Amino acid sequence: MRTKLLIFGISGDLSRRKLLPALKRILLTEEFQDDLSIIGVSRQPDDVRQILTRSLGDDSLADKFSMFTMDLAKPAKYHELKKYINLQDDEQLLAYFSVPPSIATSIVDFMGEAGINTPNVKILFEKPFGVDLASAEDIIARTARYFKEEQLYRIDHYLAKEMSQNIVAFRGGNALFSHIWNNQAIESIEVLATEKIDIEGRAQFYEQTGALRDLVQGHLMQLLALTLMEIPAEFDWDTLASFRLKALEQLTIADPADTYRAQYKGYQDEVANEGSLVETFASVGLTSNDPRWKNTPIRLVTGKALSRKTTEVRIHLKKQRLAQSNKIIFRIQPNEGISIELYIKKPGYDRQFERRSLSFSYPEDEVLPDAYEQVIVDAIRSRKSLFTSGDEVLRSWKILSRVQESWHMDNDPLPLYRKGSSLKQIHEQLGV
Ligand code: BG6
């Protein structure tokens with residue numbers, strides 16, 4: 001089936017950095033070179049050749065693109081857009097919303113009112129999906145007036161990372177892991193996403209967001225769901241979202257007494273808001289009611305301006321005696337792979353143990369598909385396993401609702417950490 005990909009906000013930052021490079025790789029494959037065309041929508045007249053050159057360094061793919069200029073706030077313009085798209089019954093339209101979330105819901109309404117919502121129209125959304133439970137409920141209800149859930153593709157690019165998908169593959173495909181995947185063998189679970197970068201000038205965005213909304217509610221909660229979910233014997237990837245949802249439903253509502261937040265020094269100057277209470281670091285303790293995970297402490301941790309960039313799921317195994325191997329690490333990024341911490345006899349005349357790592361990594365010349373490439377291809381093929389369902393979004397907000405309420409009411413200044421701190425240093429500072 002031929003696909004027309006409509007990009008709202010084609011001249012924006014996300015499109016330049018992520019979407020267009022991903023599209024270039026997709027358009028160069030045999031499968032998609034004839035069946036995919038792109039319509040860029042922008043507010044100001046912009047030349048597609050210049051947009052492509054800015055992003056890709058050349059305009060060699062310009063014949064696959066066309067441009068439509070419109071004011072996204074003018075409902076009448078959507079009727080003109082519909083005529084321009086001229087979608088045929090044997091074609092599908094994929095509308096990618098590379099626009100601020102504040103206007104995404106209005107675009108959905110205007111598309112619906114103009115009749116750009118036939119069953120062969122799909123929508124690809126970027127996070128954030130609301131800022132709390134109430135706003136997410138509102139967005140989901142409004143969107144449902146014109147689009148069915150199966151037409152909606154909510155992107156969480158962490159789900160589409162190769163190693164995130166591998167959590168399921170490793171767990172399901174290797175008896176080594178499936179036997180021990182329970183609270184009998186596992187002591188605790190940590191999902192970490194530390195970043196070296198600070199907010200990189202995104203003051204307005206970050207002041208409305210903070211670490212809990214930016215990383216914990218979506219990315220980390222989804223990695224956790226992949227770690228905890230049941231993997232049935234007859235596993236079908238298309239049902240992944242329903243298993244992730246079941247795992248999220250078993251998580252208890254996070255207790256504010258077991259959550260910590262902090263802010264890096266210098267943040268308030270950067271956002272020009274003295275006394276800002278926005279957290280750039282968050283650490284959330286959770287537990288699950290699932291009998292398989294009862295009494296297993298879980299922690300989700302993220303922070304900006306830390307000593308290094310690393311996204312990992314760490315599984316701490318219960319020790320039966322002191323010197324035993326005790327960790328399995330899914331390295332989501334960088335250096336994608338998996339490590340198992342081992343104790344071995346230290347080579348030499350003495351009978352001593354030492355810690356080494358059994359590690360799987362991809363060969364250096366093996367190029368992993370980028371997350372954005374993967375989501376576009378899956379949306380074209382109507383495969384939903386990498387996308388977050390409305391119910392998952394709501395459940396994740398619900399899990400964090402008490403923490404959000406408690407933080408909202410607490411006006412005490414946040415603990416400050418030095419830029420470049422290690423996770424260990426911050427945890428020590430906060431007493432985690
Ligand atoms: C985004 C957040 O969703 O993920 C950013 O808004 C964050 O604040 C980014 O830096 C991290 O993504 P990645 O793929 O670089 O780990």
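The first residue of the sequence shown is numbered 1, and numbering continues consecutively from there. Both backbone and side-chain heavy atoms feed into the values below; hydrogens, waters and symmetry mates do not. Numbering of ligands and ligand atoms starts at 1, following listing order. Bear in mind that the values here come from a model prediction, so they are computed numbers and not experimental data.
Every atom of ligand 1 with a heavy atom of Q333 under 4.0 Å away is listed here by number and element: 13 (P), 16 (O). Residue contact check: K127 has heavy atoms under 4.0 Å from atoms 1 (C), 2 (C), 3 (O), 6 (O) of ligand 1. Below 4.0 Å from some heavy atom of Y158 lie the following atoms of ligand 1, by number and element: 11 (C), 12 (O), 13 (P), 14 (O), 16 (O). Atoms of ligand 1 found under 4.0 Å from any heavy atom of R202, numbered from 1 in the order shown, are 5 (C), 6 (O), 8 (O). The ligand atoms of ligand 1 that sit less than 4.0 angstrom from a heavy atom of E195 are 7 (C), 10 (O), 11 (C). Annotation for ligand 1: atoms under 4.0 Å from non-hydrogen atoms of D214 are 2 (C), 5 (C), 6 (O), 8 (O).
Looking from atom 14 (O) of ligand 1 to the surrounding protein, the closest heavy atom is K161 NZ, 2.6 Å. In this structure, the protein non-hydrogen atom closest to atom 3 (O) of ligand 1 is H219 NE2, 2.8 Å. The single protein non-hydrogen atom nearest to atom 13 (P) of ligand 1 is K309 NZ, 3.4 Å, given as residue, atom name and distance.
Residue nearest to atom 12 (O) of ligand 1, selected from K18, K304, H157: H157 (by heavy-atom distance).
For the atom pair CG of D13 and CG of L19, the computed distance is 10.5 Å after rounding to the nearest 0.5 Å.
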* Take R171 and M229, measure what side-chain contact (heavy atoms from CB on, under 4.5 Å) needs, and give me the verdict at the end. => CA-CA 10 Å; R171 288 186 46 207; M229 63 174 236; 3.9 Å; yes

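More than 12 heavy atoms of other residues, nucleotides or ligands lie within 6.0 Å of CD in E366, so this atom counts as buried by the packing criterion. Summarising the local packing, CZ of R355 is surrounded by 12 or fewer heavy atoms from other residues, nucleotides or ligands at distances under 6.0 Å. The environment of NZ in K398 is sparse: at most 12 heavy-atom neighbours from other residues, nucleotides or ligands sit within 6.0 Å.
The pair E312-R314 counts as a salt bridge, with a side-chain nitrogen and a carboxylate oxygen less than 4.0 angstrom apart. Under the 4.0 Å criterion applied to side-chain N and carboxylate O atoms, R244 and D156 are not assigned as salt-bridge partners.
Inspection of the S60 and K24 side chains reveals no N or O donor paired with an N or O acceptor under 3.5 Å. Using a 3.5 Å distance cut-off with no hydrogens or angles, the side chains of S288 and Q250 do not pair a donor with an acceptor.
Ligand 1 lies out of reach of E200, whose nearest heavy atom is not under 4.0 Å from it.
At a 3.5 angstrom cut-off on N or O pairs, Y206 does not count as close to ligand 1. Inclusion of T311 in the set of residues having an N or O under 3.5 Å from an N or O of ligand 1 is not warranted.
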